[in-house]
Amino acid sequence: MQGTVATYDASARSGVLLLDDGTELAFPARAFDASGLRLLRLGQRVRVERDAAGEVIRVTLPTMA
């Protein structure tokens, strides 16, 4: 699943994504930390991975494996 960064708090390493269907999806610091990224920018496209319960577990760039 992909979306766009709507908000990102660099000090908390968490934020909100806007999915392609218009749904807002918050992501916690642990999902950002799992990505290996150093920062996110507003408007940046990202790929989202969720667990079976629907929790965001990783936020990465669409080009990352």
Side-chain angles (χ1 to χ4, degrees):
M1 156 186 338
Q2 292 190 6
T4 304
V5 178
T7 67
Y8 176 66
D9 181 344
S11 62
R13 299 179 332 277
S14 62
V16 176
L17 306 173
L18 185 60
L19 301 181
D20 291 342
D21 67 0
T23 305
E24 289 187 351
L25 180 64
F27 66 91
R30 68 180 176 277
F32 177 75
D33 293 343
S35 71
L37 298 174
R38 294 179 12 182
L39 62 95
L40 289 173
R41 294 183 315 271
L42 299 182
Q44 186 172 21
R45 291 289 293 172
V46 293
R47 184 175 65 203
V48 181
E49 295 177 27
R50 294 203 256 186
D51 64 13
E55 296 293 320
V56 177
I57 58 171
R58 190 170 175 215
V59 177
T60 62
L61 300 179
T63 56
M64 293 177 69

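Residue numbers run from 1 in the order of the sequence given. All values derive from a computational prediction rather than experimental measurement.
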### Task
Would you please classify the geometry between the Tyr8 ring and the Phe27 ring as parallel, tilted or perpendicular, with 30° and 60° separating the classes?
parallel
## Note on the structure
To the nearest 0.5 Å, atom CD of Gln2 lies from atom OG1 of Thr60 at 8.5 Å
### Message
Between Val48 and Val16, is there shared hydrophobic-cluster membership here, with clusters defined by ILVMFWY side-chain heavy atoms closer than 4.5 Å?
### Response
no
### Message
Are Val5 and Leu19 connected into the same hydrophobic cluster when the rule is that any two of I, L, V, M, F, W, Y join if their side-chain heavy atoms are below 4.5 Å apart?
### Response
yes
### Query
Same cluster for Ile57 and Val46 if Ile/Leu/Val/Met/Phe/Trp/Tyr side chains link at under 4.5 Å?
no
### Summary
By side-chain contact (heavy atoms from CB on, under 4.5 Å), Ser11 pairs with (sequence neighbours left out) Asp9
### Query
Between Val56 and Leu39, is there a shared hydrophobic cluster once you connect ILVMFWY residues whose side-chain heavy atoms come closer than 4.5 Å?
no
### Message
Which heavy atom of Glu55 sits nearest to which heavy atom of Arg30, and what is that distance?
### Response
OE1-NH2, 4.3 Å
### Task
Write down the atom of Ser14, the atom of Ala29, and the distance for their closest heavy-atom approach.
CB-N, 3.9 Å
#### Entry: Nearest non-hydrogen partners of Glu49 and Arg47, listed with the distance
OE2-NH2, 4.0 Å
### Message
For Arg45, is the CZ atom crowded, meaning more than 12 foreign heavy atoms sit under 6.0 Å from it?
### Response
yes
### Message
Tell me whether Glu24 at atom CD has more than 12 heavy atoms from other residues, nucleotides or ligands lying less than 6.0 Å away.
### Response
no
## Note on the structure
On a heavy-atom basis, the closest approach of Leu37 and Val59 is CD1-O, 3.8 Å
### Message
Does Leu61 form a side chain to side chain contact (heavy atoms under 4.5 Å, CB included) with Gln44? I'd like the steps, not just the answer.
### Response
CA-CA 9 Å; Leu61 300 179; Gln44 186 172 21; 3.3 Å; yes
### Task
Using the rule that two of Ile, Leu, Val, Met, Phe, Trp, Tyr join whenever any of their side-chain heavy atoms come within less than 4.5 Å, decide whether Leu18 and Leu42 are in one cluster.
no
